Amino acid sequence: MRIWILLATIALCLGSLTGCKDRSSSDEATAESGSGPVEHIDAKEKAAAAKLTPAKDPINEEIYQFRLKVRQAYNNRAFEELEGMAAELRATKPLFKNGSWKIVQFYGALDCAKDEPESMWQEHDRIHQEWITAKPLSITARVAYADFLTSYAWQARGSEYSDKVTEKGWALFGERLASARKTLEVAQTFPEKDPMSWRVTLTLALGEGWPKPDYDALVKAATEFEPTFWGYDTARAYSLLPRWHGEPGDVEAYAEQAAERTGGLGAEVYARIAMHLRGYYDNIYRETRLSWPKTREGLAQLREKYPESLEILSQSAMLATMGQDRELAKEMFAQLDGRYLPSVWRKPERFVHYRTWAETGEW
């Protein structure tokens, strides 16, 4: 049975600069609940929100078309085509015009939606195994399968807190993570390396609850291999949330460390961590000790490097409001000129409410 192209799933994944995997979507938690301090939305703001027309980010549209091409090759079991695409992406290390790595989007295009029936997950499993059979020495096939297996593991576990997970869910979770580990171990023996292998291993480490020294050693190896692959840093920061394996202050300390890394992205990666985690809080600057000035510095770097990204501009407006920086928020909303990007704001009322504060100071 041929797998139908999951258009809605791919579109949803494009709501993050990183794509599904860089956003840690395989961790079974939803990064954006749509919550936020919007309790004082008045009738005027609701009326303004009703008039908004959702905008499209041309860069995300380009990513969508790229992912569609990859997914079609996967659906058709065009393994030779997939191999050629991945090899070129590893060799040239291209980015989209928002800083998203194309190799990340390549693997993200292969995702199975969480709400798909078990029969669809099994079909994906068969395709991956056929790919490995056809290309037994392929780093791409192994990394893709390990990536799938980690997602399949989280699908079995579900999105509940640990005390709510069923016995069967835990068993399948463990079995599938163990299979992912074995697959990655084989991939590590190949002479060719893929930056996504470390990213997938970070998801594995989260699921298996690796001790902090082992997790840190993994991050060190990953960032030494590819210092500017910022998905490693957003994944590690996520794993340090108190809901997982961190203590209060761990995320902030790691963000500082990542920004100071030699050969890295500097303040940009600090801003990316803030963008990645802000959806887990009503206001990330009230509820954590992440630095708004450091985030602001990183956002400025991002806007300079990727001036065409509507998503980065929208994130800047949102985070400036959370950081109570009216001057920057007002400037960002002026540049947005009413362009409401649902993937960032989720609700038009939120866009209007934050814009009102930037313009008037009234919350």
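Numbering of residues begins at 1 and proceeds along the displayed sequence. As the structure is a prediction and not an experimental result, all values here were calculated from the model.
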Identify the two heavy atoms, one from A73 and one from L82, that lie closest to each other, and give their separation to 0.1 Å.
CB-CD2, 3.7 Å
K93: partners by side-chain contact (heavy atoms from CB on, under 4.5 Å), with sequence neighbours left out
W101, E226
Y74 ring center within less than 6.0 Å of H124 ring center
yes
Electrostatic pair R126-E123, nearest N-O below 4.0 angstrom
yes
Within 6.0 angstrom of E304 CD, more than 12 heavy atoms from elsewhere
no
For the residue pair L265 and F229, establish whether any side-chain heavy-atom pair is separated by less than 4.5 Å.
no
A side-chain contact here means heavy atoms from C-beta on lying under 4.5 Å apart; do L277 and T288 qualify?
no
Between W357 (side chain only) and Q324 (backbone N and O only), is there a donor and an acceptor less than 3.5 Å apart?
no
Within the structure provided, determine whether L95 and Y306 are in side-chain contact (heavy-atom separation under 4.5 Å).
yes
How about Q155 and E116: do any of their side-chain heavy atoms sit closer than 4.5 Å?
no
Those residues that, when tested against Y340, pass side-chain hydrogen bond (donor to acceptor under 3.5 Å, both in side chains) (two or more places apart)
none
Are the side chain of Y152 and the backbone of F173 linked by a donor-acceptor contact shorter than 3.5 Å?
no
Check: E359 main-chain N/O paired with R326 side-chain donor or acceptor under 3.5 Å
yes
Within-4.5 Å side-chain heavy-atom neighbours: C112 and M120:
yes
Would you say the side chains of Y107 and D194 form a donor-acceptor pair under 3.5 Å?
yes
Using the rule side chain to side chain donor-acceptor pair (under 3.5 Å), only one of R77, R71, Q72 pairs with N75; which is it?
R71
Measure the CG-CG distance between D250 and L240 for me, rounded to the nearest 0.5 Å.
5.0 Å
Any luck finding a side-chain donor-acceptor pair between T150 and R176 under 3.5 Å?
no
Can you confirm whether M318 sits close enough to F351 that some side-chain heavy atom of one is under 4.5 Å from a side-chain heavy atom of the other?
no
In short, P242 meets P248 closest at the heavy-atom pair CG-N, 4.5 Å
Quick note, salt bridge (Lys or Arg N to Asp or Glu O under 4.0 Å) partners involving residues 330-342, not counting sequence neighbours, are none
State, without any angle test, whether S138 and R142 hold a side-chain donor-acceptor pair at a distance under 3.5 Å.
no
Y354 ring center near W345 ring center (under 6.0 Å):
yes
Could you give the distance from CG (L299) to OG (S316), rounded to the nearest 0.5 Å?
4.0 Å
Flag yes if F148 and L172 sit in one hydrophobic cluster, no otherwise; membership is Ile, Leu, Val, Met, Phe, Trp, Tyr, and two members link when side-chain heavy atoms are under 4.5 Å apart.
no
Under 3.5 Å: donor-acceptor pair, side chain of N60, backbone of D57
no
Would you indicate whether E256, at its atom CD, is surrounded by more than 12 heavy atoms from other residues, nucleotides or ligands within a distance under 6.0 Å?
yes
At what distance, to the nearest 0.5 angstrom, does OH of Y281 lie from CZ of R286?
13.0 Å
For the side chain of N283 and the backbone of M322, is there at least one donor-acceptor N/O pair under 3.5 Å apart?
yes
Look only at the side chain of H128 and the backbone of A141, and say whether a donor-acceptor pair between them is shorter than 3.5 Å.
no
Where is the tightest heavy-atom contact between G338 and L52, given as atom of each residue plus distance?
O-CD2, 3.8 Å
Which residues satisfy the side-chain hydrogen bond (donor to acceptor under 3.5 Å, both in side chains) test with D125, sequence neighbours excluded?
Q129, Y145
Quick one, R90 with E192, criterion salt bridge (charged side-chain N to carboxylate O under 4.0 Å, His left out). Give me CA distance, side-chain angles, the key distance, then yes/no.
CA-CA 9 Å; R90 282 191 292 270; E192 188 174 16; 3.1 Å; yes
Mind jotting down which residue pairs meet the salt bridge (Lys or Arg N to Asp or Glu O under 4.0 Å) criterion with at least one end in residues 289-300? Sequence neighbours excluded, please.
E260-K294, R296-D325
Name all residues meeting the side-chain contact (heavy atoms from CB on, under 4.5 Å) criterion together with T53; count only those two or more places apart in sequence or in a different chain, and write none if there are none.
none
Passes side chain to side chain contact (heavy atoms under 4.5 Å, CB included), L328 versus W292? Steps please.
CA-CA 12 Å; L328 182 62; W292 162 244; 3.7 Å; yes
How far apart are the closest heavy atoms of P54 and P342, and which atoms are they?
CB-CG, 3.6 Å
Among side-chain atoms of Y270 and E252, is any donor-acceptor pair under 3.5 angstrom?
no
Is any NZ, NE, NH1 or NH2 atom of the basic residue among E62 and K97 found under 4.0 Å from an Asp or Glu carboxylate oxygen of the other?
no
Taking side-chain hydrogen bond (donor to acceptor under 3.5 Å, both in side chains) as the test, write out the residues that go with T295, two or more places apart.
Y285
R355: partners by salt bridge (Lys or Arg N to Asp or Glu O under 4.0 Å), with sequence neighbours left out
none
Restricting to non-hydrogen atoms, name the atom on L218 and the atom on A205 that form the minimum distance, rounded to 0.1 Å.
CD2-CB, 4.2 Å
Aromatic ring proximity Y280/W244, centre distance under 6.0 Å:
no
Main-chain N/O of G169 paired with T166 side-chain donor or acceptor, under 3.5 Å:
yes
Which heavy atom in I273 sits nearest to a heavy atom in A237, and how many Å separate them?
CG2-CB, 3.7 Å
Indicate, with yes or no, if the rings of W363 and H353 have centres closer together than 6.0 Å.
yes
Distance (rounded to the nearest 0.5 Å) between I127 CD1 and Q122 CD:
13.0 Å
Are L310 and L336 close enough, and set up right, to give a side chain to side chain contact (heavy atoms under 4.5 Å, CB included), and what steps lead you there?
CA-CA 8 Å; L310 180 59; L336 284 171; 3.4 Å; yes
Is any side-chain heavy atom of T223 closer than 4.5 Å to one of W198?
no
Do E311 and I59 have side chains that get closer than 4.5 Å, going by heavy atoms?
no
Sorted by chain and residue number, the ring pair (Phe, Tyr, Trp, His ring centres under 6.0 Å) partners of F66 (sequence neighbours excluded) come out as F96
Check for a donor-acceptor pair, side chain of S197 on one end and backbone N or O of K193 on the other, with a separation under 3.5 Å.
no
Which residues share a side-chain hydrogen bond (donor to acceptor under 3.5 Å, both in side chains) with T356, sequence neighbours left out
E45
What pairs meet the salt bridge (Lys or Arg N to Asp or Glu O under 4.0 Å) rule with one or both residues in residues 201-216, with sequence neighbours excluded?
R181-E208, K212-D216, D216-R236
State, without any angle test, whether S162 and R157 hold a side-chain donor-acceptor pair at a distance under 3.5 Å.
no
Applying salt bridge (Lys or Arg N to Asp or Glu O under 4.0 Å) to E287 and not counting sequence neighbours gives none
